Amino acid sequence: MSAAKTAITPTRHEDFPEWYQQVIKAADLAENSETRGCMVIKPWGYGIWELIQKQLDVRFKETGHQNAYFPLLIPLSYLEKEAEHAEGFATECAVVTHHRLEAVKDPETGKTKMIPTGELAEPYVIRPTSETIIGAAFARWVQSYRDLPLLINQWANVMRWEMRPRLFLRTAEFLWQEGHTAHESKAEAIKETEMIHRLYETFARDHLAIPVVPGEKTENERFPGADMTLTIEAMVQDKKAIQAGTSHYLGQNFSKAQNICFASREGGQEFAHTTSWGVSTRLIGTLIMAHSDDDGLVLPPRVATQQVIIIPVTPKEDSREAVLAACNALAERLRKKTSYHDDPIRVHVDNRDMQGGQKKWDWVKKGAPIRVEIGPRDIESRKVCVQRRDRAANEKEFMDKEEFLQTVPNILQDIHDSLLVKAREFRDANIHACTSLEDFHAHWSSENPGWLATPWAGTPEEEDELSKKHKIAIRCMPIKDAGLPEALLSAAAGACILTGKQSSPVAIWGRSY
RNA sequence: CGGGCUAUGGCGCAGUCUGGUAGCGCGCUACACUGGGGGUGUAGAGGCCGUGGGUUCGAAUCCCGCUAGCCCGACCA
């Protein structure tokens, strides 16, 4: 029996969206639930989220933020306060209108039905985001400039009634963090917005091995109610863009709508400048699409639920005990004596009673960064068989056990680095500079066109027209030091492709999720 | 929310046109052989066919409603 050519069918090349779903299934990350548009996140997937959560949380606290929790249900009237904001979310709100159920027995079938009753005087909206309800709290909490800045973060679930759900990328309910801060001055609030933006960028790079493009959204693409939206944009393997995180400067829009005001140093009353920022479980979808291959998931080591999987090879019954003991001993030493980025290495000994080959492929599909096999021969030779998920599935290296213990953190880092380099090379190879409108139009006719970098100084209306025509959008206007190749930026410099204005800023265009 | 497709044991599917109460592959369980590998054999377990109603002596199969999923569009983290 010959093994399948790839563990996942179809391949990325054959059918990318279907491949994505099959990877999630094969890696046992999540599944659709009975509730429309919602997913069940399974342990192997939820473990990733827990690690993202833990590692981001440290960084939020290092930068002075505190966690708090606000209600899931938002009074409808709160949402009406900021007009643009309300309009932006109006079409995707789940609304709670009743507070009890009444059991009614159908006289014909004899079945009991639960009928909503007890209609609420004012409906509640299940939070699609919490600006309004947190803003209301801020209004109570802030009286003096001495109460500022207010730096709050919330880990929560939110609900947006999306018309086209996709596991992790766009689900009706999703998990995220939302930071909300209030400041004395515009300059300070913008500084916060930019600081978090950089934090997201470096988190994506250093923890998820995703080379994002940090930039500013154009007016058309801004968060409803924001004065400025900063974004990190990732390119995944079908060359589409994913907005992986956003940081908004909300100006005084929300503080005026909700009366977040304070006595200033000069004695007058002033409105606070607020920000909000968030990343969600979409990060998991992004990393799946960024790194995985035709054999399944490939996890960046720092957010891998398990980093090292030890697979006992037990060909003979009489050596079985010894092999298992050796596996457990190695696992213990890894847990106690080694660490990677200040966390003990996460090790799992897979002692399930099943075929070795199946076991191996199971962990290949689940994307475990390192697989280690230990058999009777290895015990004698004091070696371990090391296999890496960033290399071919059949590639193995027999390594001295002590050497392995010494170098595990380096191997994990090397895997991280190789994923990042590969993703960056892919991204950079698929962003093309374009300085003529003719080339611009021609570019979007191909199947997977990648991104374009162009000089741009058009109006929002002009941008909208081009976007609709080619089903694209300006993903962002990259900030300084966005990490894009110098050659690309200089090739994309010049006069606006549409208006001809000289030395216009560079815009990145692409199709997106 | 518009347009198209789909819904049968854990997964993938056949059966639906030509109604007669369910079948295949994989997986699962047991045993045996095997053993750096997603192996082989034998024997088993498991579904009343998404859901509600209708037609009929009889429905997975025909008709209507609903729900969910997928793809394309508009919208969005």
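In this text the structure is predicted, and so the values were computed from the model without any measurement.
- One C1' atom belongs to B:U42, the other to B:C5, and the distance between them is 42 Å to the nearest Å.
- Here the separation of B:G52 from B:C70, taken at their C1' atoms, is 24 Å to the nearest Å.
- Outside the 6.0 Å centre-distance limit, the rings of A:W451 and A:W444 are not counted as a close aromatic pair.
- Counting to the nearest Å, the P atom of B:C72 and the CD atom of A:E18 are 11 Å from each other.
- Toward the 5′ end of RNA chain B lies the nearest nucleotide of A:Q355, the other residue of the pair A:Q355 and A:E92 mapping further downstream.
- At a threshold of 4.0 angstrom between heavy atoms, the contacts of A:L169 include nucleobase atoms, whether or not backbone atoms are also involved.
- Candidate nucleotides B:C70, B:G35, B:C76 were compared by shortest atom distance to the side chain of A:R170, and B:C76 ranks first.
- In this structure, B:C31 and B:G41 make a Watson-Crick or G-U wobble pair, each of the two defining distances being under 3.5 angstrom.
- The pair A:K316-A:D318 fails the salt-bridge criterion, with no side-chain N (NZ, NE, NH1 or NH2) lying under 4.0 Å from an Asp/Glu carboxylate O.
- A cation-pi contact, defined as under 6.0 Å to the ring centre and within 45° of the axis, is absent between A:K396 and A:F398.
- Among the nucleotides B:G38, B:C75, B:C71, the one closest to the side chain of A:R166 is B:C71.
- Here, B:C64 and B:U6 have their P atoms 15 Å apart, quoted to the whole Å.
- The existence of a salt bridge linking A:K468 and A:D464 is confirmed by a sub-4.0 Å separation between a basic side-chain nitrogen and an acidic carboxylate oxygen.
- Atom CD of residue A:E80 and atom NE2 of residue A:H85 lie 12.0 Å apart, to the nearest 0.5 angstrom.
- For B:G50 and B:C13, the P atoms lie 14 Å apart once the distance is rounded to whole Å.
- The side chain of A:K25 approaches B:C11 more closely than any other nucleotide in the set B:C75, B:C1, B:C11.
- Regarding A:I24, its CD1 atom lies at a distance of 10 Å from the P atom of B:C70, rounded to whole Å.
- Of the C1' atoms belonging to B:G10 and B:C17, the separation is 31 Å, rounded to the nearest Å.
- Pair assignment for B:C49: none, as no Watson-Crick or G-U wobble contacts are both less than 3.5 Å.
- Across the protein-nucleic acid pair, A:M163 atom CE and B:C72 atom P stand 17 Å apart, rounded to whole Å.
- Of the C1' atoms belonging to B:U8 and B:U16, the separation is 11 Å, rounded to the nearest Å.
- Atom CZ in A:R475 sits roughly 11 Å away from atom P in B:C76 (whole-Å rounding).
- As judged by a 4.0 angstrom heavy-atom cut-off over every strand, A:T246 is placed among residues making no nucleic acid contact.
- Listed nucleotides B:C28, B:C75, B:A77 differ in distance to A:R282; the shortest reach to its side chain belongs to B:A77.
- In a base pair of the Watson-Crick type (N1 to N3 plus N6-O4 or O6-N4) or a G-U wobble (N1-O2 and O6-N3), with each distance short of 3.5 Å, B:A60 is matched with no nucleotide.
- Not a single donor-acceptor pair, N or O on each side, falls under 3.5 Å between the base of B:G69 and the side chain of A:R36.
- Of the listed nucleotides (B:G69, B:C75, B:G38), B:C75 has the atom at the smallest distance from the side chain of A:T91.
- For B:G73, one of the phosphate oxygens OP1 or OP2 lies less than 4.0 angstrom from a side-chain nitrogen or oxygen of A:K471.
- Checked against the 6.0 Å centroid threshold, A:Y69 and A:W155 do not count as a close aromatic pair.
- Ion pairing of A:R12 with A:D294 is present here, as a side-chain N (NZ or NE/NH1/NH2) and a carboxylate O approach within less than 4.0 Å.
- A distance of about 14 Å separates the P atoms of B:C11 and B:C28, rounded to the whole Å.
- In this structure, B:A14 forms no base pair with any nucleotide, since neither Watson-Crick nor G-U wobble geometry is met with both distances under 3.5 Å.
- The side chain of A:Q358 sits closest to B:C28 out of B:C28, B:A77, B:G36.
- Look at CD on A:E162: it is 15 Å from P on B:A68, rounded to the nearest Å.
- Across the C1' atoms, B:G15 and B:G47 are found 14 Å apart, a figure rounded to whole Å.
- The base of B:G36 is paired with the side chain of A:D378 by a donor and an acceptor separated by under 3.5 Å.
- At the heavy-atom level, A:G88 lies nowhere under 4.0 Å from the strands shown.
- Among the heavy atoms of the strands lying under 4.0 Å from A:K365 is at least one base atom, whether or not backbone atoms are also near.
- Side-chain atoms of A:T171 lie closest to B:A77 of the nucleotides B:A77, B:C75, B:C70.
- Nucleotide B:U67 has B:A7 as its partner under the Watson-Crick or G-U criteria, with both atom distances under 3.5 Å.
- Under the Watson-Crick and G-U wobble criteria, each requiring two contacts below 3.5 Å, nucleotide B:C1 is paired to B:G73.
- Look at CG on A:L167: it is 10 Å from P on B:C71, rounded to the nearest Å.
- Using a 4.0 Å heavy-atom distance criterion, A:Y513 is classed as a base contact.
- Taking the six-membered ring where the residue is Trp, A:W19 and A:F16 present tilted rings, their angle falling between 30° and 60°.
- Remark on RNA chain B: of its neighbouring residues A:Q243 and A:R164, the 5'-side contact belongs to A:R164, judged by nearest-heavy-atom nucleotide.
- Among the protein residues, A:F223 comes within range of no part of the nucleic acid, since none of its heavy atoms lies under 4.0 Å from any strand.
- In this structure, B:A22 makes no Watson-Crick or G-U wobble pair, since no nucleotide meets both defining distances under 3.5 angstrom.
- Rounded to an integer number of Å, the gap from CG of A:D353 to P of B:G35 is 16 Å.
- Between A:Q21 and B:G69 there is no side-chain N or O to OP1 or OP2 distance below 4.0 Å.
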